[in-house]
Amino acid sequence: MPEFTLDELEPGARNLLINCAGAQPGDKVLLVGEQGENLYFEPELCRDVALIAESLGMRPTVILAKPVKNAAEFPNNVRHEMEIADQIIFFSRLGDQVRFSLDAGNKKTVMTYTLDRSYLASPFASADFTMMKRMHDALLDVVLNAKSYTITAANGTNLHGKIHAIGKDAVSEFALELFPVMIFPPVNCYQLNGKLVIDHFVTSSSTNAYEGSTLVMDSPVMVTVVDSRITDFEGPDDLVEKFKVQLIKAAAVTGGDPYLINSWHTGINPNTYYKGDPYGDLELWGTVAYGSPRYTHIHAAGIDPGDAAFHFMDATIAFDGQVLWDEGRFVFIDRPEIQAMMNIDQRALLNSAVRHSIGM
(Lines give C-alpha, C1' and ligand atoms only; values in the text may rest on other atoms or scores of the structure.)
Protein backbone atom coordinates (compact mmCIF):
# COMPACT_ATOMS: atom_id res chain seq x y z
CA MET A 1 0.00 0.00 0.00
CA PRO A 2 1.54 3.36 -0.98
CA GLU A 3 1.90 5.96 1.74
CA PHE A 4 -0.42 8.98 1.80
CA THR A 5 0.15 12.31 3.47
CA LEU A 6 -2.48 13.72 5.78
CA ASP A 7 -2.94 16.53 3.26
CA GLU A 8 -3.96 13.93 0.65
CA LEU A 9 -6.39 12.28 3.05
CA GLU A 10 -7.86 15.44 4.53
CA PRO A 11 -10.54 16.24 1.88
CA GLY A 12 -12.09 12.79 2.23
CA ALA A 13 -11.72 12.78 6.02
CA ARG A 14 -13.29 16.25 6.38
CA ASN A 15 -16.15 15.13 4.14
CA LEU A 16 -16.66 12.12 6.42
CA LEU A 17 -16.26 13.88 9.76
CA ILE A 18 -18.06 17.15 9.08
CA ASN A 19 -20.47 16.68 6.16
CA CYS A 20 -21.48 13.10 6.92
CA ALA A 21 -21.02 12.55 10.67
CA GLY A 22 -21.78 16.17 11.60
CA ALA A 23 -18.87 16.31 14.06
CA GLN A 24 -17.87 19.67 15.51
CA PRO A 25 -14.93 20.90 17.59
CA GLY A 26 -15.12 19.38 21.07
CA ASP A 27 -17.15 16.34 19.99
CA LYS A 28 -16.11 12.84 21.05
CA VAL A 29 -15.71 10.87 17.82
CA LEU A 30 -15.38 7.08 18.12
CA LEU A 31 -13.50 5.40 15.26
CA VAL A 32 -14.03 1.62 15.16
CA GLY A 33 -11.55 -0.41 13.10
CA GLU A 34 -10.69 -4.04 12.51
CA GLN A 35 -7.97 -6.21 13.98
CA GLY A 36 -7.03 -9.86 13.56
CA GLU A 37 -6.68 -11.88 10.37
CA ASN A 38 -8.24 -11.39 6.94
CA LEU A 39 -8.93 -7.71 7.47
CA TYR A 40 -11.27 -5.92 5.06
CA PHE A 41 -10.47 -2.42 6.35
CA GLU A 42 -6.95 -1.04 6.77
CA PRO A 43 -6.42 -0.25 10.50
CA GLU A 44 -4.31 2.81 9.61
CA LEU A 45 -7.51 4.52 8.46
CA CYS A 46 -8.53 5.03 12.09
CA ARG A 47 -5.11 6.39 13.02
CA ASP A 48 -4.99 8.94 10.21
CA VAL A 49 -8.62 10.05 10.49
CA ALA A 50 -8.05 10.50 14.24
CA LEU A 51 -5.10 12.80 13.53
CA ILE A 52 -7.22 14.87 11.14
CA ALA A 53 -10.09 14.95 13.64
CA GLU A 54 -7.72 16.26 16.31
CA SER A 55 -6.53 19.01 13.93
CA LEU A 56 -10.18 20.03 13.56
CA GLY A 57 -10.62 20.35 17.34
CA MET A 58 -12.48 17.05 17.82
CA ARG A 59 -11.70 14.44 20.48
CA PRO A 60 -11.25 11.09 18.69
CA THR A 61 -11.03 7.65 20.28
CA VAL A 62 -9.83 4.63 18.30
CA ILE A 63 -10.87 1.09 19.13
CA LEU A 64 -9.95 -1.98 17.09
CA ALA A 65 -11.99 -5.17 17.35
CA LYS A 66 -12.18 -8.50 15.59
CA PRO A 67 -15.15 -8.96 13.21
CA VAL A 68 -17.86 -11.27 14.55
CA LYS A 69 -20.37 -13.64 13.00
CA ASN A 70 -23.46 -11.51 13.54
CA ALA A 71 -24.99 -8.62 15.45
CA ALA A 72 -25.72 -10.84 18.47
CA GLU A 73 -21.96 -11.17 19.05
CA PHE A 74 -21.30 -7.42 18.86
CA PRO A 75 -18.33 -6.68 21.19
CA ASN A 76 -19.24 -5.25 24.59
CA ASN A 77 -16.14 -3.03 24.72
CA VAL A 78 -17.18 -1.37 21.45
CA ARG A 79 -20.72 -0.93 22.72
CA HIS A 80 -19.41 0.73 25.88
CA GLU A 81 -17.33 3.24 23.90
CA MET A 82 -20.36 3.95 21.70
CA GLU A 83 -22.36 4.95 24.77
CA ILE A 84 -19.95 7.77 25.64
CA ALA A 85 -19.29 9.04 22.10
CA ASP A 86 -21.05 11.84 20.25
CA GLN A 87 -20.46 10.32 16.80
CA ILE A 88 -19.56 6.73 15.87
CA ILE A 89 -17.72 5.84 12.66
CA PHE A 90 -17.10 2.25 11.59
CA PHE A 91 -14.15 1.24 9.44
CA SER A 92 -15.19 -2.33 10.12
CA ARG A 93 -17.59 -5.08 9.08
CA LEU A 94 -19.14 -4.65 12.53
CA GLY A 95 -21.00 -1.65 11.15
CA ASP A 96 -22.17 -3.54 8.09
CA GLN A 97 -23.65 -6.29 10.24
CA VAL A 98 -25.86 -3.85 12.16
CA ARG A 99 -26.75 -1.58 9.22
CA PHE A 100 -30.43 -2.59 9.47
CA SER A 101 -30.68 -3.23 13.22
CA LEU A 102 -28.46 -0.84 15.20
CA ASP A 103 -30.12 1.25 17.90
CA ALA A 104 -27.72 4.10 18.73
CA GLY A 105 -30.39 6.53 19.88
CA ASN A 106 -29.88 10.03 18.52
CA LYS A 107 -26.15 9.58 17.94
CA LYS A 108 -24.94 9.94 14.37
CA THR A 109 -23.49 6.57 13.39
CA VAL A 110 -21.68 5.99 10.11
CA MET A 111 -20.58 2.88 8.22
CA THR A 112 -17.72 3.70 5.86
CA TYR A 113 -16.72 1.77 2.74
CA THR A 114 -13.25 3.27 2.33
CA LEU A 115 -11.38 -0.03 2.51
CA ASP A 116 -7.97 1.64 2.69
CA ARG A 117 -6.30 5.02 2.44
CA SER A 118 -6.33 5.00 -1.37
CA TYR A 119 -10.14 5.13 -1.23
CA LEU A 120 -10.08 7.94 1.33
CA ALA A 121 -7.70 9.94 -0.89
CA SER A 122 -9.83 9.53 -4.02
CA PRO A 123 -13.03 11.19 -5.32
CA PHE A 124 -14.83 8.11 -4.00
CA ALA A 125 -14.56 9.75 -0.55
CA SER A 126 -14.08 13.43 -1.37
CA ALA A 127 -17.13 13.99 -3.64
CA ASP A 128 -19.34 16.27 -1.56
CA PHE A 129 -21.45 14.13 0.79
CA THR A 130 -24.12 16.78 1.35
CA MET A 131 -24.78 17.12 -2.36
CA MET A 132 -24.76 13.35 -2.92
CA LYS A 133 -27.24 12.91 -0.08
CA ARG A 134 -29.57 15.42 -1.77
CA MET A 135 -29.27 13.42 -4.98
CA HIS A 136 -30.00 10.22 -3.05
CA ASP A 137 -33.10 11.78 -1.47
CA ALA A 138 -34.37 12.98 -4.85
CA LEU A 139 -33.97 9.45 -6.23
CA LEU A 140 -35.73 7.92 -3.24
CA ASP A 141 -38.61 10.32 -3.74
CA VAL A 142 -39.04 9.02 -7.31
CA VAL A 143 -38.89 5.42 -6.07
CA LEU A 144 -41.43 5.90 -3.27
CA ASN A 145 -43.87 7.76 -5.51
CA ALA A 146 -43.77 5.13 -8.24
CA LYS A 147 -46.31 2.36 -8.60
CA SER A 148 -44.18 -0.21 -10.42
CA TYR A 149 -40.73 -0.95 -11.84
CA THR A 150 -38.93 -3.18 -14.32
CA ILE A 151 -35.42 -4.64 -14.21
CA THR A 152 -33.84 -6.08 -17.35
CA ALA A 153 -30.29 -7.12 -18.15
CA ALA A 154 -28.35 -8.64 -21.04
CA ASN A 155 -27.99 -11.92 -19.12
CA GLY A 156 -31.72 -12.58 -19.63
CA THR A 157 -33.06 -11.15 -16.38
CA ASN A 158 -36.54 -9.66 -16.86
CA LEU A 159 -38.39 -8.74 -13.68
CA HIS A 160 -41.34 -6.53 -12.90
CA GLY A 161 -42.66 -5.59 -9.49
CA LYS A 162 -44.81 -3.11 -7.61
CA ILE A 163 -43.97 -0.52 -4.97
CA HIS A 164 -45.90 -1.08 -1.76
CA ALA A 165 -48.44 1.70 -1.29
CA ILE A 166 -47.45 2.14 2.36
CA GLY A 167 -44.14 4.00 2.31
CA LYS A 168 -42.63 2.34 5.37
CA ASP A 169 -43.19 -1.06 3.73
CA ALA A 170 -41.79 -0.01 0.34
CA VAL A 171 -38.13 0.10 1.38
CA SER A 172 -35.98 -1.12 4.29
CA GLU A 173 -34.29 1.94 5.78
CA PHE A 174 -30.73 1.73 7.03
CA ALA A 175 -30.15 2.12 10.76
CA LEU A 176 -26.99 4.14 10.19
CA GLU A 177 -25.52 6.51 7.60
CA LEU A 178 -23.41 5.11 4.76
CA PHE A 179 -20.24 6.90 3.69
CA PRO A 180 -19.81 7.75 0.97
CA VAL A 181 -23.34 7.73 -0.44
CA MET A 182 -23.37 4.30 -2.06
CA ILE A 183 -26.90 3.10 -2.66
CA PHE A 184 -30.55 3.75 -1.82
CA PRO A 185 -32.44 1.65 0.76
CA PRO A 186 -33.45 -1.77 -0.55
CA VAL A 187 -36.79 -1.95 -2.33
CA ASN A 188 -38.86 -4.59 -0.57
CA CYS A 189 -40.07 -7.12 -3.12
CA TYR A 190 -43.83 -6.84 -3.55
CA GLN A 191 -45.56 -8.82 -6.30
CA LEU A 192 -42.20 -9.39 -8.01
CA ASN A 193 -42.52 -11.64 -11.04
CA GLY A 194 -40.50 -12.73 -14.03
CA LYS A 195 -37.19 -14.38 -14.87
CA LEU A 196 -33.98 -13.87 -12.89
CA VAL A 197 -30.64 -15.14 -14.17
CA ILE A 198 -28.04 -15.89 -11.51
CA ASP A 199 -24.53 -16.08 -12.91
CA HIS A 200 -20.95 -15.54 -11.76
CA PHE A 201 -21.54 -16.25 -8.06
CA VAL A 202 -23.76 -16.06 -4.98
CA THR A 203 -22.52 -14.41 -1.77
CA SER A 204 -23.90 -13.57 1.64
CA SER A 205 -25.85 -10.35 2.20
CA SER A 206 -23.10 -9.18 4.65
CA THR A 207 -25.54 -9.32 7.55
CA ASN A 208 -24.26 -12.60 9.01
CA ALA A 209 -20.95 -14.36 8.48
CA TYR A 210 -21.20 -18.10 7.92
CA GLU A 211 -19.02 -20.88 6.54
CA GLY A 212 -19.30 -21.44 2.80
CA SER A 213 -21.17 -18.19 2.15
CA THR A 214 -20.07 -18.01 -1.50
CA LEU A 215 -20.91 -20.23 -4.45
CA VAL A 216 -19.08 -19.72 -7.75
CA MET A 217 -21.33 -20.43 -10.74
CA ASP A 218 -19.56 -21.86 -13.79
CA SER A 219 -22.72 -21.37 -15.86
CA PRO A 220 -25.98 -19.45 -15.34
CA VAL A 221 -29.08 -20.66 -13.57
CA MET A 222 -32.39 -19.05 -14.57
CA VAL A 223 -35.15 -18.99 -11.99
CA THR A 224 -38.81 -18.16 -12.32
CA VAL A 225 -40.06 -15.67 -9.73
CA VAL A 226 -43.76 -15.64 -8.84
CA ASP A 227 -44.99 -13.20 -6.21
CA SER A 228 -41.45 -12.63 -4.87
CA ARG A 229 -40.61 -16.32 -4.54
CA ILE A 230 -38.51 -18.67 -6.67
CA THR A 231 -40.76 -21.37 -8.09
CA ASP A 232 -38.67 -23.02 -10.81
CA PHE A 233 -35.02 -23.53 -11.76
CA GLU A 234 -33.43 -23.94 -15.20
CA GLY A 235 -29.80 -24.94 -15.69
CA PRO A 236 -27.41 -27.87 -15.42
CA ASP A 237 -28.84 -30.38 -12.94
CA ASP A 238 -25.75 -30.53 -10.73
CA LEU A 239 -25.45 -26.73 -10.56
CA VAL A 240 -29.15 -26.28 -9.82
CA GLU A 241 -28.77 -28.73 -6.95
CA LYS A 242 -25.73 -26.84 -5.58
CA PHE A 243 -27.64 -23.58 -5.90
CA LYS A 244 -30.62 -24.97 -3.97
CA VAL A 245 -28.31 -26.27 -1.24
CA GLN A 246 -26.71 -22.81 -1.01
CA LEU A 247 -30.10 -21.15 -0.52
CA ILE A 248 -31.11 -23.70 2.11
CA LYS A 249 -27.81 -23.10 3.93
CA ALA A 250 -28.28 -19.33 3.84
CA ALA A 251 -31.88 -19.49 5.06
CA ALA A 252 -30.86 -21.76 7.93
CA VAL A 253 -28.81 -18.92 9.47
CA THR A 254 -31.96 -17.15 10.70
CA GLY A 255 -34.76 -19.40 9.49
CA GLY A 256 -37.45 -18.79 6.92
CA ASP A 257 -38.13 -19.69 3.30
CA PRO A 258 -34.93 -20.42 1.31
CA TYR A 259 -36.63 -19.46 -1.95
CA LEU A 260 -37.94 -16.08 -0.84
CA ILE A 261 -36.77 -12.94 -2.69
CA ASN A 262 -36.70 -10.20 -0.04
CA SER A 263 -35.39 -6.96 -1.55
CA TRP A 264 -33.03 -5.41 -4.08
CA HIS A 265 -31.11 -2.25 -4.85
CA THR A 266 -28.52 -0.83 -7.24
CA GLY A 267 -25.46 1.35 -6.71
CA ILE A 268 -25.57 5.12 -7.18
CA ASN A 269 -21.92 6.15 -6.67
CA PRO A 270 -20.14 6.50 -10.05
CA ASN A 271 -16.74 6.81 -8.32
CA THR A 272 -16.91 3.29 -6.88
CA TYR A 273 -14.00 1.09 -7.96
CA TYR A 274 -12.25 -2.16 -7.11
CA LYS A 275 -8.72 -2.93 -8.31
CA GLY A 276 -8.28 -6.49 -7.14
CA ASP A 277 -9.56 -9.82 -8.45
CA PRO A 278 -13.15 -10.26 -7.23
CA TYR A 279 -12.66 -14.02 -7.05
CA GLY A 280 -9.76 -13.54 -4.63
CA ASP A 281 -12.37 -12.74 -1.95
CA LEU A 282 -15.93 -12.29 -3.19
CA GLU A 283 -17.21 -11.05 0.16
CA LEU A 284 -14.50 -8.35 0.29
CA TRP A 285 -15.27 -7.35 -3.30
CA GLY A 286 -18.96 -7.06 -2.53
CA THR A 287 -18.27 -4.88 0.51
CA VAL A 288 -17.42 -1.94 -1.75
CA ALA A 289 -18.39 -2.89 -5.33
CA TYR A 290 -22.09 -2.72 -4.48
CA GLY A 291 -21.91 1.08 -4.73
CA SER A 292 -21.27 0.96 -8.47
CA PRO A 293 -24.23 1.82 -10.72
CA ARG A 294 -23.20 -1.21 -12.79
CA TYR A 295 -24.02 -3.52 -9.91
CA THR A 296 -27.53 -4.66 -8.94
CA HIS A 297 -27.94 -7.13 -6.12
CA ILE A 298 -30.87 -8.98 -4.63
CA HIS A 299 -31.23 -10.16 -1.01
CA ALA A 300 -32.81 -13.58 -0.68
CA ALA A 301 -33.16 -16.77 1.35
CA GLY A 302 -34.69 -16.57 4.79
CA ILE A 303 -35.93 -13.93 7.19
CA ASP A 304 -35.53 -10.37 5.94
CA PRO A 305 -33.08 -9.19 4.72
CA GLY A 306 -32.03 -12.76 3.92
CA ASP A 307 -28.54 -14.23 3.95
CA ALA A 308 -27.86 -14.80 0.25
CA ALA A 309 -27.20 -12.17 -2.39
CA PHE A 310 -27.55 -12.53 -6.17
CA HIS A 311 -25.62 -10.16 -8.41
CA PHE A 312 -25.88 -9.01 -12.00
CA MET A 313 -24.27 -6.26 -14.01
CA ASP A 314 -25.35 -3.41 -16.26
CA ALA A 315 -29.10 -3.54 -15.67
CA THR A 316 -31.68 -1.21 -17.15
CA ILE A 317 -34.11 -0.17 -14.44
CA ALA A 318 -37.24 1.93 -14.87
CA PHE A 319 -39.81 3.18 -12.36
CA ASP A 320 -43.24 3.93 -13.89
CA GLY A 321 -41.52 3.85 -17.29
CA GLN A 322 -38.81 6.38 -16.32
CA VAL A 323 -35.38 4.84 -16.99
CA LEU A 324 -33.07 5.67 -14.07
CA TRP A 325 -30.28 3.20 -14.92
CA ASP A 326 -29.51 2.47 -18.56
CA GLU A 327 -27.32 -0.60 -19.04
CA GLY A 328 -25.47 0.14 -15.83
CA ARG A 329 -25.22 3.90 -16.31
CA PHE A 330 -26.93 5.96 -13.63
CA VAL A 331 -28.68 8.36 -15.99
CA PHE A 332 -30.86 9.84 -13.22
CA ILE A 333 -27.80 11.78 -12.11
CA ASP A 334 -27.70 13.56 -15.50
CA ARG A 335 -31.09 15.19 -14.99
CA PRO A 336 -30.81 19.00 -15.07
CA GLU A 337 -32.29 19.40 -11.60
CA ILE A 338 -29.69 16.97 -10.18
CA GLN A 339 -26.74 18.53 -12.02
CA ALA A 340 -27.93 21.94 -10.78
CA MET A 341 -27.15 20.76 -7.21
CA MET A 342 -23.44 20.54 -8.08
CA ASN A 343 -20.61 22.96 -8.76
CA ILE A 344 -18.54 22.52 -11.91
CA ASP A 345 -15.94 20.31 -10.20
CA GLN A 346 -18.59 17.96 -8.81
CA ARG A 347 -20.29 17.68 -12.20
CA ALA A 348 -17.07 16.29 -13.65
CA LEU A 349 -17.06 13.55 -10.99
CA LEU A 350 -20.76 12.76 -10.82
CA ASN A 351 -22.40 11.94 -14.13
CA SER A 352 -23.38 8.78 -15.96
CA ALA A 353 -20.24 8.85 -18.15
CA VAL A 354 -18.02 8.24 -15.10
CA ARG A 355 -17.45 4.50 -15.11
CA HIS A 356 -14.71 2.85 -13.06
CA SER A 357 -13.75 -0.81 -13.11
CA ILE A 358 -15.04 -3.07 -10.35
CA GLY A 359 -13.27 -6.10 -11.74
CA MET A 360 -16.26 -7.54 -13.64
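Computed from a predicted structure; not experimentally measured.
- Using a 4.5 Å cut-off on side-chain heavy atoms (C-beta onward), Thr61 and Lys28 make no contact.
- Within the 4.5 Å cutoff, no side-chain heavy atoms of Met217 are placed close to those of Gln246.
- Looking at heavy atoms from C-beta onward, Trp285 lies in side-chain contact with Tyr295 at the 4.5 angstrom threshold.
- To the nearest 0.5 Å, atoms CG (Asn77) and CG (Leu64) are separated by 10.0 Å.
- The CG atom of Asp314 lies 11.0 Å from the OG1 atom of Thr152; values are rounded to the nearest 0.5 Å.
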- prompt: Can you list the steps and then say if Val78 with Met82 is a side chain to side chain contact (heavy atoms under 4.5 Å, CB included)?
  reply: CA-CA 6 Å; Val78 176; Met82 290 171 64; 4.0 Å; yes

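- Here the shortest heavy-atom pairing between Pro11 and Ser126 reads CB-CB, 4.2 Å.
- Between Val49 and Ala13, the closest heavy-atom pair is CG2-CB, 4.4 Å.
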message: Checking Lys195 against Thr224 for the side chain to side chain donor-acceptor pair (under 3.5 Å) test, could you report, in this order, the C-alpha distance in whole Å, the side-chain angles of both residues, the deciding distance, and whether it holds?
response: CA-CA 5 Å; Lys195 297 289 187 179; Thr224 300; 2.7 Å; yes

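- At most 12 non-hydrogen atoms from other residues, nucleotides or ligands lie less than 6.0 angstrom from CG of Asp237.
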message: Would Asp227 and Gln191 count as a side chain to side chain contact (heavy atoms under 4.5 Å, CB included) here? Give the steps.
response: CA-CA 4 Å; Asp227 199 13; Gln191 296 184 20; 4.0 Å; yes

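- Listed for the Arg294 side chain is a donor-acceptor partner under 3.5 Å among the backbone atoms of Met360.
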field: Working for salt bridge (Lys or Arg N to Asp or Glu O under 4.0 Å), residues Glu3 and Arg117
entry: CA-CA 8 Å; Glu3 286 300 316; Arg117 285 166 291 171; 3.4 Å; yes

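- You'll find the side chain of Leu349 stays beyond 4.5 Å of the side chain of Val354, heavy atoms only.
- Under the 4.5 Å side-chain heavy-atom criterion for Ile, Leu, Val, Met, Phe, Trp and Tyr, Val245 and Val202 are members of distinct hydrophobic clusters.
- Residues Leu192 and Cys189 come closest through the heavy atom pair CD2-SG, 3.7 Å.
- Between the side chain of Asp320 and the backbone N or O of Ser148, at least one donor-acceptor pair lies under 3.5 Å.
- When atom types are taken as modelled, the side chain of Asn269 and the backbone of Val181 share a donor-acceptor pair closer than 3.5 angstrom.
- In summary, the side chains of Ser204 and Glu283 do present a donor paired with an acceptor at a separation below 3.5 Å, with no hydrogens or angles considered.
- Only one option out of Thr112, Ile52, Thr114 pairs with Leu16 in a side chain to side chain contact (heavy atoms under 4.5 Å, CB included); it is Thr112.
- Under the 3.5 Å distance criterion, the side-chain polar atoms of Asp27 are left unmatched by any main-chain donor or acceptor of Met58.
- Leu39 is not connected to Leu282 by any chain of hydrophobic side-chain contacts under 4.5 Å among Ile, Leu, Val, Met, Phe, Trp and Tyr, and they are in different clusters.
- Summarising the hydrophobic clusters (Ile, Leu, Val, Met, Phe, Trp, Tyr; side-chain heavy atoms under 4.5 Å, direct or chained), the residues clustered with Val323 are Val331.
- Under a hydrophobic clustering in which Ile, Leu, Val, Met, Phe, Trp and Tyr are joined whenever their side-chain heavy atoms come within less than 4.5 Å, directly or via other members, Tyr190 and Val143 fall into different clusters.
- Of the charged side-chain nitrogens involved, none lies within less than 4.0 Å of a carboxylate oxygen, so that Glu83 and Lys107 do not count as a salt-bridged pair.
- Atom CG in Asn193 sits 11.5 Å away from atom CD1 in Ile261 (nearest 0.5 Å).
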- request: Applying side chain to side chain donor-acceptor pair (under 3.5 Å), run through Thr203 and His311 and close with a yes or a no.
  value: CA-CA 8 Å; Thr203 69; His311 318 262; 2.9 Å; yes

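- Counting heavy atoms from C-beta outward, Ile183 and His297 have side chains that approach closer than 4.5 Å.
- The cluster map of Ile, Leu, Val, Met, Phe, Trp and Tyr, joined by side-chain heavy atoms under 4.5 Å apart, puts Val223 and Val226 in different clusters.
- Contact check for Leu324 versus Tyr149: no side-chain heavy atoms found under the 4.5 Å cut-off.
- Residues Tyr119 and Phe91 place their aromatic rings such that the two centres sit no closer than 6.0 Å.
- Of the possible donor and acceptor atoms, one in the side chain of Lys108 sits under 3.5 Å from a partner among the backbone N and O of Cys20.
- To the nearest 0.5 Å, atom CG of residue Leu30 and atom NE2 of residue His80 are 10.5 Å apart.
- Partner of Phe184 under the ring pair (Phe, Tyr, Trp, His ring centres under 6.0 Å) criterion, out of Trp325, Phe319, Tyr290: Trp325 alone.
- The aromatic rings of Phe243 and Phe310 lie tilted to each other, with the angle between the two planes from 30° to 60°.
- Here Phe201 and Tyr279 bring their ring centres to under 6.0 angstrom of each other.
- With values rounded to the nearest 0.5 angstrom, Asn188 atom CG is found 10.5 Å from His265 atom NE2.
- Taking both residues in full, the closest heavy atoms of Ala251 and Pro258 are given as CB-CA, 3.5 Å, listed atom of the first, atom of the second, then distance.
- Without hydrogens or angle criteria, Asn262 side chain to Gly302 main chain gives a donor-acceptor distance under 3.5 Å.
- Distance check: Asn155 CG to Met222 CE gives 7.5 Å after rounding to the nearest 0.5 Å.
- When all heavy atoms of Tyr113 and Met111 are compared, the closest pair comes out as OH-CG, 3.3 Å.
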message: Walk me through whether Leu17 and Ile89 qualify under side chain to side chain contact (heavy atoms under 4.5 Å, CB included).
response: CA-CA 9 Å; Leu17 291 164; Ile89 300 175; 3.9 Å; yes

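- Residue Gln35 places its CD atom among more than 12 non-hydrogen atoms of other residues, nucleotides or ligands, all under 6.0 Å distant.
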- request: Evaluate side chain to side chain contact (heavy atoms under 4.5 Å, CB included) for Ile317 paired with Trp264, printing each intermediate quantity in order.
  value: CA-CA 12 Å; Ile317 303 172; Trp264 67 272; 3.8 Å; yes

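- Counted by atom type alone, Thr266 and Thr296 present one or more donor-acceptor pairs between their side chains at under 3.5 Å.
- In this structure, Arg93 is positioned above the aromatic face of Tyr40, its NZ or CZ under 6.0 Å from the six-membered ring centre and within 45° of the axis.
- Side-chain contact between Val288 and Met182 is present, with at least one heavy-atom pair separated by less than 4.5 Å.
- Other residues, nucleotides and ligands contribute at most 12 non-hydrogen atoms within 6.0 Å of the CD atom of Glu37.
- You'll find the side chain of Phe312 reaches within 4.5 Å of the side chain of Ile151, heavy atoms only.
- The two residues Leu9 and Asp48 make their nearest non-hydrogen contact at CD1-OD2, 3.5 Å.
- Side-chain polar atoms of Asp116 and Ser118 form a donor-acceptor pair below 3.5 angstrom.
- A donor-acceptor distance shorter than 3.5 angstrom exists from the side chain of Arg347 to the backbone of Gln339, with no hydrogens or angles considered.
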